[in-house]
Amino acid sequence: MASKRQRSPPNVLSSTDSLPPSKKGKTSEVSSFPSTSTLSDGRPAPTPSSSALHSAPTFFTNAHAFQLDRLEYTHTAHHHYPPKQAVHDGWKLLIEKSAPNALYNSAARFDAPKCDEDTRIEVTNEIMGWIQDRDAPTQILCMTGAAGAGKSALQQTVSEHCARSRILAASFFFNAGDPTRDNVSGLVPTIAYQLGLENHSLRQFIGDAVEHDPLIFDKELKTQMEMLIVDPVRRVLANHPPNSEAFPYALLIDGLDECNEESRQRELLVALQDCLLRGRTPFRVFLASRPEMAIYEALDEGGHLHNAAYHIRLSDDYDATGDIRRSIQRRFHDLTLRRKLKKGWFSESDVEAIVEASSGQYVYAATVTRYISEPRGSPAERLRAVLTWTPGNAQQAFEEVDEDDRDFLLLLNCLLNTQVRKALSLQEAIDLLDLGTPEPIFCDLRSLFHISPTADLNIYHRSLWEFMGNPDRSGPVYVGQDRIQEHITKCCLARISESSLDDTINDGYSTADREDTVQYKSDLPGPYIVLMVQLDPLPKNFFGKSFVPFMENGGLEKIDKWLRAPDDEEQMDQTAYWQNNNPSITTRASFFESWIKRYCAWLLLQLQELAPELDIVVRKYDGLWNIWWRERFKNWYDNGCDACSVPSEDSVYYASEEETDNPLAREG
């Protein structure tokens, strides 16, 4: 008998037919109900607990007199989180665009100059009084002054006062030597960051603005200020009017003159006036700068800030003589205690002499006291040098303070020489000049030069090259190029002469203890030999005084020992030996190229007149070096090294007596 398919009662729901197709197959969370709503004894089945159903929704509310058979319910849980705050991404982008080094308390500005506790009291009180006078008719104070007048020290002092009083809204210190704050690109985001840092609502509005327009930082300053400062501040103060009086309002900007591009300086001044002044914000802006063209024109009669700004002319309105005197006295007394100096190493007349020379500018007094306090020098001797300095005897004063009668200006120019900086590391140059450390030269020039942790010498001011190379501008501190070249060559000859033949043989290539590592020793005196032949040819009188004695005392023999130093045969067979970064090869290749191209010819020309008996010596080594180079470094020739493309003997050109002291070494 064929079986009949059992049909469900009309009021029974099928577990599969009852679900829409889109729900079939879901497996997120499954609850199986009993096949009937009553127990076997007829009693009603208990209602499943909320924990058993995982908080599933209730179906058929208040329904009765029906049953469900084989119901399978699929429940997909949806977790509801609060909406992601857009300010998070916007605030993060704002931070990335800011310049943390520009903050008054940034690590980059550690130990920033500020006013001593009993100095600049009058001007500090005037500035703080203006900032705290919320009813004053002006909203911007512009303080101008000459270089070294103490503007940044005042800005730092006022910033700290405002921070302690909890009225500091933001600060920004421009600096021409820091690429993160030598331009206006980081100004608005840095100010906005400080505003939102302590105010959650303001941070939210600023972040929303950035999220809305991530390219806001590429727009003009006025647009940035409106969107990131003016509008958020207005909204916060509108929503919380009772807190308006407690809102930080002191906004400080220092060193406008150190901002790149005069046009951007003008743009900033206009943006400040149009956006932050005229009662549009509660801010009171304190701005300091040298009286350069942009701010000078804005504050001058007819300028857009002439009537809008409270102007302090620091160099003209205040006499800093008394403050400078107190600062010098304190520094000298502190130095006496710290260095345990005998009383009387300075007198009040010495202090007065420095005060008078300062002419009201803090920078002179600060530079002098720093120079005298240098731990590697004698304070008394340095003080004497300072007191005897005049514009006409600057070089003499520097030479007197140097223990070994060294010419400070000559040594500085040698270290800055382009060929020296290209051929030698800073320490090699220091060793060449027999200085020991860079401190004797650079200890008082840190505002002009910076020695990085990797011992690289960086020059802050681009105009320094032009100044030092122009005798009309540099006057008594000018050193001629001939004198610089002569001294460098003299030092090269001295360092080569000081080296022993064993030193020249052992200098160069060596292997490390590890079999898989190739290591090279210092190539001294190699760098000095290379530098010597790369310098410009020198006058005959110097050649006769220095180079002829060098050759007579075996100088060329030491060069020969260095150039033809034996190499490890096993290592020469390795590919690594022939790499271009092998100093054993590249240093000698540089020497040989300069020698063969011009130096040998110039040397022979000088010897014809001054020491013809040495001509044969030069030709001897020239021939040995040509042959040796071709044979020893054949592998490098095979690798196509351009540096080793030595000309044939027929192509070498030796200048005649009638020709110049700068002959071509070979024909085209």
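The structure displayed is predicted, hence computed values, not measured ones.
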ask   = Ring centres of Phe174 and Phe172 under 6.0 Å apart?
value = yes

May I ask you to decide if [Y]'s main-chain N or O and [X]'s side chain share a donor-acceptor pair within less than 3.5 Å?
| X | Y | answer |
| --- | --- | --- |
| Ser474 | Val477 | no |
| Glu198 | Pro248 | no |
| Asn417 | Asn413 | no |
| Thr281 | Val230 | no |
| Ser171 | Tyr104 | yes |
| Asp133 | Gly129 | no |
| Arg284 | Gln139 | no |

Looking at [X], I'd like to know if its [atom1] atom is crowded, meaning that more than 12 non-hydrogen atoms belonging to other residues, nucleotides or ligands lie closer than 6.0 Å.
| X | atom1 | value |
| --- | --- | --- |
| Gln419 | CD | yes |
| Glu352 | CD | yes |
| Arg278 | CZ | yes |
| Tyr193 | OH | no |

[X] with [Y]: basic N within carboxylate O range, under 4.0 Å:
| X | Y | value |
| --- | --- | --- |
| Glu297 | Arg266 | yes |
| Arg264 | Asp182 | no |
| Asp118 | Arg330 | yes |
| Glu226 | Arg234 | no |
| Arg326 | Asp323 | yes |

Between [X] and [Y], is any pair of side-chain heavy atoms under 4.5 Å apart?
| X | Y | result |
| --- | --- | --- |
| Leu94 | Leu228 | yes |
| Leu251 | Gln194 | no |
| Thr157 | Arg120 | no |

note = When Arg313, Lys151, His311 are each screened for side-chain hydrogen bond (donor to acceptor under 3.5 Å, both in side chains) with Thr144, the one that passes is His311

Looking at [atom1] of [X] and [atom2] of [Y], how far apart are the two atoms once the value is rounded to the nearest 0.5 Å?
| X | Y | atom1 | atom2 | answer |
| --- | --- | --- | --- | --- |
| His487 | Ser546 | NE2 | OG | 11.0 Å |
| Arg325 | Glu356 | CZ | CD | 10.5 Å |
| Ile253 | Leu287 | CD1 | CG | 5.5 Å |
| Leu256 | Arg290 | CG | CZ | 12.0 Å |
| Lys342 | Thr336 | NZ | OG1 | 13.0 Å |
| Leu141 | Met143 | CG | CE | 8.0 Å |

key: Cation over ring face, Arg495 and Tyr528, 6.0 Å, 45°   = no

query = Is the cationic atom of Arg181 (NZ for Lys, CZ for Arg) positioned less than 6.0 Å from the six-membered ring centroid of Phe173 and within 45 degrees of its normal?
reply = no

Of all the heavy-atom pairs spanning [X] and [Y], show the shortest one and how long it is.
| X | Y | value |
| --- | --- | --- |
| Val420 | Ala429 | CG1-CB, 3.9 Å |
| Ser159 | Leu252 | OG-CD2, 3.1 Å |
| Ile324 | Ala365 | CG2-CB, 3.6 Å |
| Ile95 | Ser98 | O-OG, 2.7 Å |
| Thr119 | Ser327 | CG2-OG, 3.8 Å |
| Pro527 | Leu424 | CB-CD2, 3.4 Å |

inquiry  = Applying ring pair (Phe, Tyr, Trp, His ring centres under 6.0 Å), can you list everything that pairs with Phe332, at least two apart in sequence or on another chain?
reply    = Trp345, Phe346

Checking [Y] against [X]: is there a side-chain donor and acceptor pair closer than 3.5 Å?
| X | Y | value |
| --- | --- | --- |
| Arg109 | Gln156 | yes |
| Ser152 | Asp254 | yes |
| Asp178 | Asn101 | yes |
| Glu220 | Gln224 | no |

request  = Walk me through it: do Arg339 and Asp334 pass the test salt bridge (Lys or Arg N to Asp or Glu O under 4.0 Å)?
outcome  = CA-CA 8 Å; Arg339 302 277 291 273; Asp334 291 346; over 6 Å; no

